[in-house]
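Just below is one structure, and these are the notes that go with it.
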Amino acid sequence: MQENYHPIGVFDSGYGGLTILKSIMEKLPEYDFIYLGDNARTPYGSRSYDIVYEYTRQAVMKLFSMGCQLVILACNTASAKALRTIQQNDLPLFDPSLRVLGVIRPSVEKIQFFTKTGHVGVLGTAGTILSDSYPLEIAKISDGKIIVTQEACPMWVPLVENDEISNPATDYFVCKNINNLFKNDPAIDTLILGCTHYPLLLPVIKKFIPENVTVFEQGPIVAASLSDYLFRHPEISMKCSKEGSCRFLTTESVKNFESRASIFLGSKLIAENIQL
Ligand code: DGL
């Protein structure tokens with residue numbers, strides 16, 4: 001490990017977190033980053049708490065061992081199921097000066113400025129939806145005043161991962177889940193895409209939602225929140241190195257990662273394999 005190399009770690013179960021990384025790098029181009037995708041064990045969305053926690057903990061520890069002082073869990077499922085335990089149990093024992101942040105809290109903090117009806121819809125993996133992380137966090141910031149309706153969309157990640165976004169089958173599943181959501185609460189005016197893959201489905205989603213509905217994408221919100229966090233915590237920002245570099249690590253085949261990742265990042269990249 002280079003002594004002065006302290007990148008910000010960005011972790012996801014696979015490719016999806018690249019959509020978040022893209023926004024973060026646009027907002028904070030001066031920082032160094034390491035992206036780690038656990039492609040060998042993706043998807044996390046249908047896995048149990050214990051497994052998601054253990055896999056996420058391993059990835060976070062790996063990133064710390066590579067010099068990261070701060071790790072972003074750019075995965076909703078990991079943020080929902082592992083973040084709190086890592087923050088409350090692991091970090092105090094391992095090294096209380098290190099930081100791990102998730103994507104749910106920053107998204108929730110902004111939601112009150114978007115909704116006019118006070119009715120919000122959340123789309124996510126089965127794991128994120130069953131964890132109730134979004135309704136619980138939204139209840140905290142709104143004193144229970146914002147009504148949250150959720151819909152798990154288990155088919156959406158595999159459709160994106162398999163590059164089937166333009167397939168009519170994708171229209172079918174997106175339409176089905178959106179219809180379920182709005183049937184359960186027609187007053188929804190704000191929709192949270194609570195999964196890293198869903199921004200890629202935005203053109204399809206927009207075909208099926210009412211015109212007045214605002215779709216809330218996480219990338220720019222998480223990037224703005226991280227920028228604000230680093231401004232408010234100069235003691236953390238000072239520890240992060242700033243050479244404008246980015247390394248990409250995957251637990252799966254480098255070839256596969258390099259060929260698919262550009263769909264999510266919007267540009268080509270060179271990856272390295274890593275074992276957790
Ligand atoms: N990255 C995950 C999320 O945001 C989706 C992919 C998966 O299920 O692992 O929830």
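Indexing begins at 1, ligand by ligand and atom by atom, following the structure's order.
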> At the 4.0 Å heavy-atom cut-off, does G16 count as touching ligand 1?
Replying inline: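 Distance cut 4.0 Å: G16 fails for ligand 1.
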> C195: heavy atom below 4.0 Å from ligand 1, yes or no?
Replying inline: yes
>> Give me the residue, atom name and distance of the protein heavy atom closest to atom 8 (O) of ligand 1.
In response: G45 N, 2.8 Å
>> Show me which atoms of ligand 1 lie under 4.0 Å from any heavy atom of D12.
In response: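 Near D12, the atoms of ligand 1 are 1 (N).
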> Hey, which atoms in ligand 1 end up nearer than 4.0 Å to a heavy atom of T42?
Replying inline: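 Those qualifying, in numeric order: 9 (O).
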> Hey, is T77 touching ligand 1 through its side chain, its backbone, both or neither, going by heavy atoms under 4.0 Å?
Replying inline: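 The answer is both.
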> ligand 1 versus T196, non-hydrogen atoms closer than 4.0 Å: side chain, backbone, both, neither?
Replying inline: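 Answer for T196: both.
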>> If only side-chain N and O atoms count, and only distance matters, is there a donor-acceptor pair under 3.5 Å linking T251 with N39?
In response: no
> Between the side chains of D12 and Y44, does any donor sit under 3.5 Å from an acceptor?
Replying inline: no
> Looking at ligand 1, does any of its N/O atoms fall within less than 3.5 Å of an N/O of A74?
Replying inline: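 No; every N/O pair is 3.5 Å or more apart.
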> Is the shortest N/O to N/O distance between H197 and ligand 1 below 3.5 Å?
Replying inline: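 No; every N/O pair is 3.5 Å or more apart.
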>> Side chains of T170 and N167, heavy atoms from C-beta outward: is any pair under 4.5 Å?
In response: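 A side-chain contact under 4.5 Å exists here.
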>> Applying ring-ring contact (aromatic ring centres under 6.0 Å, His included), can you list everything that pairs with Y49, at least two apart in sequence or on another chain?
In response: none
>> Hydrophobic clusters here meaning ILVMFWY residues chained together by side-chain heavy-atom distances under 4.5 Å, can you tell me if I20 and V60 are in one?
In response: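 Each belongs to a different hydrophobic cluster.
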> Just one of D171, V160, L123 clears the side-chain contact (heavy atoms from CB on, under 4.5 Å) bar with L201, so which one?
Replying inline: V160
> Who pairs with S133 by side-chain hydrogen bond (donor to acceptor under 3.5 Å, both in side chains), at least two apart in sequence or on another chain?
Replying inline: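 Applying side-chain hydrogen bond (donor to acceptor under 3.5 Å, both in side chains) to S133 gives S131.
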